[in-house]
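Beneath this line is the structure, given in structure tokens, with notes to follow.
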Amino acid sequence: MERKSNNNLIFTILNGTALLGWSFILLLLLSSTFHVKSLWSTHELERVLPSPLIILYILEGICLMEVGRIALGHLKGNLLLGVVLHAIRITWLVYVLSDRLQVLMKKSDDDFDKQQLSTILQTELVLYSWSITEVCRYPMYLFPSSSMARNLRLSVPIVSFPVGCTLEAYGAFCVVYADLFSSSADVIATSWVKVGLLSMVILINGLLGPTLAYPAILKKGLPVLLGKQSVKARKME
């Protein structure tokens, strides 16, 4: 019993840390989008906090722990969806976001052409979809008896998932295209592991996202939006 209590405390701390972390990422995005002095490039923050990319890796690490708990039966959730979703996120972090984040962090310092601004917008929207989804997900873990937290968790992905899914695929396509077909592409030096993983992102997001993942999200979220939760869900509350 004491061990279970200690484990619950640890996971509560992790959930709270993740909520704070994703909230911080969302705050960074808002400061950049609305041209308040961009927190992405605030030197004071750089001295006391890891880079946003490191923070995102840590947050994804916490998410992977949750996937592991689902696999062990300690947490309810869709194991297949969790594995695929976070594998895609990590692939995107490594091969797409790591380069784009440097541009995003300097957004307030430089002038960009239309193509660069389009890339920045795409990147921000992907990060918005991730951070808003997670900020609306963790309260359900911290306050499991709250119907408001549960409803928020189930309804927000109806909007955030298709935005993130579409732009993750497009971002992956842009990187693959640049590596293989741009005028400066060096096919011999191309990382085929990178191309293969990003191609899988394009395939999964383009085909399985709309046909398998999104219908499952709608099945859970639409009854909440329409005020028609199942009898089982009402009893759980």
Side-chain angles (χ1 to χ4, degrees), residues 8 10-33 39-40 45 49-71 74-94 96-98 100-101 104 122-169 171 201 204-205 209 213-214 216-218 220-221 224-225:
N8 288 339
I10 291 170
F11 292 129
T12 298
I13 292 172
L14 283 174
N15 289 335
T17 300
L19 178 58
L20 288 174
W22 284 111
S23 298
F24 179 67
I25 295 296
L26 184 56
L27 178 61
L28 293 178
L29 287 166
L30 290 169
S31 73
S32 178
T33 300
L39 293 176
W40 286 109
L45 286 178
L49 291 174
S51 71
L53 187 62
I54 296 299
I55 293 174
L56 286 166
Y57 278 126
I58 293 171
L59 293 172
E60 276 303 301
I62 294 175
C63 290
L64 289 177
M65 290 178 63
E66 293 164 7
V67 173
R69 292 181 67 200
I70 293 173
H74 298 163
L75 191 67
K76 291 182 179 180
N78 187 321
L79 179 59
L80 180 60
L81 180 60
V83 170
V84 173
L85 186 148
H86 293 294
I88 287 171
R89 279 193 189 176
I90 291 172
T91 302
W92 219 81
L93 281 172
V94 172
V96 182
L97 189 62
S98 56
R100 292 185 176 188
L101 200 59
L104 187 60
Q122 295 162 24
T123 306
E124 286 184 337
L125 286 174
V126 169
L127 289 174
Y128 267 122
S129 73
W130 293 2
S131 57
I132 290 173
T133 298
E134 301 301 341
V135 166
C136 293
R137 181 169 72 92
Y138 280 102
M140 189 181 75
Y141 291 149
L142 292 169
F143 309 103
S145 61
S146 169
S147 60
M148 181 181 296
R150 181 179 181 278
N151 292 344
L152 196 63
R153 160 70 182 93
L154 294 177
S155 57
V156 166
I158 292 176
V159 177
S160 62
F161 179 84
V163 173
C165 183
T166 302
L167 292 177
E168 285 166 3
V201 171
I204 292 171
N205 284 34
Y214 196 56
I217 290 171
L218 288 175
K220 291 182 177 181
V224 172
L225 290 180

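It should be emphasised that the depicted structure is a prediction, and the values quoted were computed from it without experimental measurement.
Counting all heavy atoms, side chain and backbone alike, Ser129 lies closest to Gly164 at OG-CA, 3.3 Å. Residues Pro157 and Tyr214 approach most closely at O-CE1, 4.2 Å, considering heavy atoms. Between Glu60 and Leu93, the shortest heavy-atom distance links the atoms CG-CD1, 3.8 Å. When all heavy atoms are compared, the tightest approach of Cys165 to Gly209 is SG-CA, 4.2 Å. Residue His86 comes nearest to Leu64 through the heavy atom pair CB-CD2, 3.9 Å, listed as atom of the first residue, atom of the second, then distance. Considering every non-hydrogen atom in both Gly16 and Leu142, the closest pair reads N-CD2, 3.9 Å.
In this structure, OG1 in Thr123 is found 4.0 Å from CZ in Arg100, a value given to the nearest 0.5 Å. Atoms CD1 and SG, from Ile90 and Cys63 in turn, are 8.5 Å apart once rounded to the nearest 0.5 Å. Considering CD of Glu168 and CD1 of Ile204, their distance stands at 10.5 Å, rounded to 0.5 Å. Taking CZ of Arg153 as the reference point, atom OH of Tyr141 lies at 6.0 Å (rounded to 0.5 Å). Between the CG atom in Asn15 and the CD atom in Glu134 there is a gap of 10.5 Å [rounded to 0.5 Å]. Atom OG of Ser147 and atom CE of Met140 lie 12.5 Å apart (nearest 0.5 Å).
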For residues 18-28, which side-chain N or O atoms pair as donor and acceptor with protein atoms under 3.5 Å away, sequence neighbours left out?
unit_1, atom_1, unit_2, atom_2, d
Ser23, OG, Leu19, O, 2.7

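Using a 4.5 Å cut-off on side-chain heavy atoms (C-beta onward), Leu56 and Leu127 make contact. Side-chain contact between Ile158 and Leu218: present, with at least one pair of heavy atoms (C-beta onward) separated by less than 4.5 Å. No side-chain heavy atom of Thr17 sits less than 4.5 Å from a side-chain heavy atom of Tyr138. In this structure, Tyr128 and Val163 have side chains that are not in contact, with every pair of non-hydrogen atoms separated by 4.5 Å or more.
The aromatic rings of Trp92 and Trp130 sit perpendicular, their planes meeting at an angle over 60°, well past the 30° parallel limit.
Partners of Phe11 according to the side-chain contact (heavy atoms from CB on, under 4.5 Å) rule, which considers only residues two or more places apart in sequence or in another chain, are Asn7, Leu14, Arg69.
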